[in-house]
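One structure is given below, encoded as structure tokens.
All figures in this text were calculated on a predicted structure; none of them were measured in a lab.
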Amino acid sequence: MNICVFLSAADLDDRYTRPARDFARLLGKGGHTLVWGGSDSGLMKVVADGVQEAGGRLVGVSVDFLSAKARPGADEMVIARDLAERKRLLLEKADAVVIMVGGTGTLDEATEILELKKHGRTEKPVVLLNTAGFYDGLREQFRRMEEEGFLPRPLAELVFFADQPAAALAYLEESLDAA
């Protein structure tokens, strides 16, 4: 399975890197392919290292203005001309999506896939990995959107919230087996 992971390229605290590394190892050991932003820095590097060390494949999609930070030695690396093309290529190459901790870029990517799901433009499973409660506020906002009628589909059809790496991967594997 090709699993797209949206996440930060920042150097982060162990409370975020440890679970990300655990997820990466599970992904690699499961024979899956990481599809990610292609960066060889920060949390993106941690995840790519973990997948590669566990025997998984790496498919990166960097962007022209960040290409100097692209990971050498990836199984495949594509350089998109802009962020919109990058998102499109990441989603095209993926069977499923995991959203890890990140900043505004990660939030942009997350809302794009959820908007596509909301309108029935994709049915790829999406997991929000809520490491250390990072997305508690966002989960609450999504619930409010659902309760107040802003979502035409139930929130549970759009995204699965997982607090642990193993639960995230198990959900993806079950979702794709059922499809």
Side-chain angles (χ1 to χ4, degrees), residues 1-10 12 15-28 30 32-37 39 42-44 46-48 50-51 56 59 61 83-84 86-179:
M1 168 177 16
N2 291 346
I3 301 173
C4 176
V5 178
F6 295 135
L7 71 166
S8 178
L12 299 172
R15 68 186 161 147
Y16 298 122
T17 58
R18 189 179 56 256
R21 190 176 300 107
D22 291 346
F23 180 79
R25 287 185 184 131
L26 291 170
L27 194 152
H32 303 296
T33 297
L34 171 68
V35 179
W36 94 117
S39 180
L43 195 61
M44 284 195 192
V46 169
V47 171
V51 169
V59 174
V61 182
L83 292 171
R86 181 192 207 185
K87 283 189 293 188
R88 182 182 58 76
L89 290 169
L90 284 165
L91 293 174
E92 278 178 12
K93 293 176 178 294
D95 301 313
V97 174
V98 173
I99 303 156
M100 288 188 177
V101 297
T104 55
T106 303
L107 191 56
D108 173 57
E109 293 161 338
T111 55
E112 173 119 356
I113 185 67
L114 295 177
E115 190 67 9
L116 290 169
K117 280 194 81 167
K118 182 180 94 173
H119 291 289
R121 305 301 296 172
T122 184
E123 290 304 320
K124 294 177 186 185
V126 177
V127 173
L128 204 147
L129 186 51
N130 191 27
T131 301
F134 185 80
Y135 286 119
D136 286 349
L138 186 59
R139 181 183 346 206
E140 187 58 36
Q141 184 62 49
F142 284 149
R143 285 182 180 153
R144 183 173 180 185
M145 289 175 185
E146 180 180 38
E147 289 166 5
E148 295 189 19
F150 290 96
L151 301 179
R153 294 175 66 177
L155 182 59
E157 289 180 14
L158 297 176
V159 63
F160 175 78
F161 286 85
D163 292 327
Q164 299 298 322
L169 189 58
Y171 174 81
L172 295 178
E173 290 174 341
E174 289 169 17
S175 295
L176 291 173
D177 284 346

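The CZ atom of R88 sits 13.0 Å away from atom CG of L83, with the distance rounded to the nearest 0.5 Å. A distance of 6.0 Å separates CG in L169 from CE in M1, rounded to the nearest 0.5 Å. Atoms CG and OG1, from L116 and T111 in turn, are 9.5 Å apart once rounded to the nearest 0.5 Å. Of the inter-residue distances, the one linking I113 atom CD1 with D108 atom CG reads 12.0 Å to the nearest 0.5 angstrom. Summarising the geometry, atom CG belonging to L12 is positioned 10.5 Å from atom OG1 belonging to T131; distances are rounded to the nearest 0.5 Å.
The aromatic rings of Y16 and F134 lie perpendicular to each other, with more than 60° between the two planes, well past the 30° mark.
The minimum heavy-atom distance between A162 and V127, with the atom names listed, is CB-CG1, 3.9 Å. Smallest separation of non-hydrogen atoms from L90 and G37: CD2-N, 4.2 Å. Contact between A24 and V47 at its shortest, heavy atoms only, is CB-O, 3.3 Å. In this structure, L129 and P165 approach most closely via the heavy-atom pair CD1-N, 3.9 Å. Shortest non-hydrogen contact noted between L43 and S8 is CB-O, 3.2 Å. Contact record, S39 with M44: CB-SD, 3.3 Å, taken as the closest heavy-atom pair.
A salt bridge links K118 to E115: at least one charged side-chain nitrogen sits closer than 4.0 Å to a carboxylate oxygen. A salt bridge does not link R143 to E147: none of the charged side-chain nitrogens sits closer than 4.0 Å to a carboxylate oxygen. Ion pairing between a basic and an acidic side chain is recognised when a charged N comes within 4.0 Å of a carboxylate O; R153 and E123 show such pairing.
Considering only heavy atoms from C-beta on, E146 stays 4.5 Å or farther from L158 through its side chain. Counting heavy atoms from C-beta outward, H32 and L172 have side chains that stay 4.5 Å or more apart. Within the 4.5 Å cutoff, side-chain heavy atoms of F23 are placed close to those of V5. With a 4.5 Å cut-off on side-chain heavy atoms, W36 and V51 do not count as touching.
A donor-acceptor pair is defined here as one N or O able to donate and one able to accept, closer than 3.5 Å; no such pair exists between the side chain of R21 and the backbone of V46. A donor-acceptor contact shorter than 3.5 Å links the side chain of K124 to the backbone of L91. A distance-only check finds no donor-acceptor pair linking the side chain of N130 to the backbone of F161 [under 3.5 Å]. Here the side chain of N2 pairs no donor or acceptor atom with the backbone of D95 at under 3.5 angstrom. Remark: the backbone N or O of F6 is not paired with any side-chain donor or acceptor of E109 at under 3.5 angstrom. A donor-acceptor pair under 3.5 Å is absent between the side-chain atoms of Y171 and the main chain of V126, judged by distance alone.
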Side chain to side chain contact (heavy atoms under 4.5 Å, CB included) evaluation trace for K93 with V61: CA-CA 9 Å; K93 293 176 178 294; V61 182; 4.0 Å; yes
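R144 CZ: 12 or fewer foreign heavy atoms inside a 6.0 Å radius.
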